[in-house]
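Data first, discussion second: the structure below is written as structure tokens.
Each chain gets a letter, A, B and so on, in the order its sequence line appears, and its residues count up from 1.
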There are 2 protein chains.
Amino acid sequence: MLKISKKADYALMALQHIASVQFGDLTPGRVVNTKEIAEEYNIPLELLAKVLQTLAKNGLIESHNGPKGGYLLARSTRQITIAQILEGIEGPLGITDCSHEKEGEPCLQRQHCNIRTPLLKVQDSIYQLLSNMTLQDMMGGTPLITIQSPTAQGVVQ
Amino acid sequence: MLKISKKADYALMALQHIASVQFGDLTPGRVVNTKEIAEEYNIPLELLAKVLQTLAKNGLIESHNGPKGGYLLARSTRQITIAQILEGIEGPLGITDCSHEKEGEPCLQRQHCNIRTPLLKVQDSIYQLLSNMTLQDMMGGTPLITIQSPTAQGVVQ
DNA sequence: CTTTAGTCCGACCTTATTGATCGGAGATCA
DNA sequence: TGATCTCCGATCAATAAGGTCGGACTAAAG
């Protein structure tokens, strides 16, 4: 339950990768294109492209067109929250349907609903959690260079 | 994003209702059947039945068959956590696919995955949140004893 | 003891959302 | 100017959710 979509997954991976390249020691400031990310992480190229387009439209990354083009982080890793990323891909956070219901399809249970208030509290807690976590927090723990613990499935394949 | 299913929604409503009847002042200990809940909250009868069956199978409520039958809470409201309810309906909590992946379909991104660890932390935080909240916490805000506005169907039948 | 009404329970179908794909238009560097 | 690379929209397939149907069981009433 409460599973995030694969698109969101891909978005997080891609942003982490772009960040690690952009602020890494090897080739800082380099522009990274879709194909590179897709091959590195085994993500369907066209789908990843669409995800990156969405992120660009939401102002999280900048797109540079033409040959030698690609994507670049729009701001620092500390200024990009996990909540922003997920919301950009999957739409606004909403534990329940009535979190932000549109006109024309009112909640049939609303009048006697007894769980709306506590659920909204839960939702708020989760939102704070995701808002307090930034892309920077995803860089520290498992940088690309780290050696994986041998005990935890040494061989992946 | 992160929306819970309607089944889970219905489960929460139903349990809250059963609890409020069972421990309420009007008719304490009364057994409540599916039809009563379905009509009260405008939930499709057959679907709600299925949800309650699942809850019974998971040991959250007890089913009593035959005429005058219905459902009863299996234990106190403080011993039923929101996490238990949601997991019973939607399966184990898993923010990402690789949270508990089966054999035969390994994560293609796993070998270079950079976001697994931080995401698992997020998942754990959410799980703690849902585990610390019990059915009792959903009772406080809007108990059934509250005076209902006369406009909203005063008679249950 | 038999009947009968009401309940639980499992399998099935339909619809909506996600995941993935294809082809074209625009932009930049050689 | 040409070629390459990217962005971008519309389209198709797979999966899961939402909802529905009929049978099996239980217990109370006659």
Touch class at under 4.0 angstrom, heavy-atom based, for A/P67 against every strand present: base
Touch class at under 4.0 angstrom, heavy-atom based, for A/K50 against every strand present: base
Whole-Å distance separating the [atom1] atom of [X] from the [atom2] atom of [N]:
X     : N      : atom1 : atom2 : value
B/L72 : C/dT7  : CG    : C1'   : 15 Å
A/I89 : C/dG19 : CD1   : P     : 11 Å
A/N65 : C/dG26 : CG    : P     : 12 Å
A/N33 : D/dC8  : CG    : P     : 15 Å
A/I4  : C/dT17 : CD1   : C1'   : 16 Å

A/S63 side-chain proximity, nearest of C/dA20, D/dC7, C/dC9: D/dC7
Proximal nucleotide (of D/dG18, C/dC8, C/dG10) relative to the B/K6 side chain: D/dG18
A/M138 side chain reached by B/N114 side chain, heavy atoms, under 4.5 Å: no
Heavy-atom check, side chain of A/M1 versus side chain of B/E87, under 4.5 Å: yes
Positive for side-chain contact (heavy atoms from CB on, under 4.5 Å) with A/I37, one of A/V51, A/L48, A/L15: A/L48
Contact summary for B/S125 and A/L129, nearest pair of heavy atoms: CB-CD2, 3.7 Å
Base of C/dG6 paired with side chain of B/K68 (donor-acceptor, under 3.5 Å): no
Given DNA chain D, 5'-ward residue of the pair A/E46 and A/K3, judged by closest heavy atom: A/E46
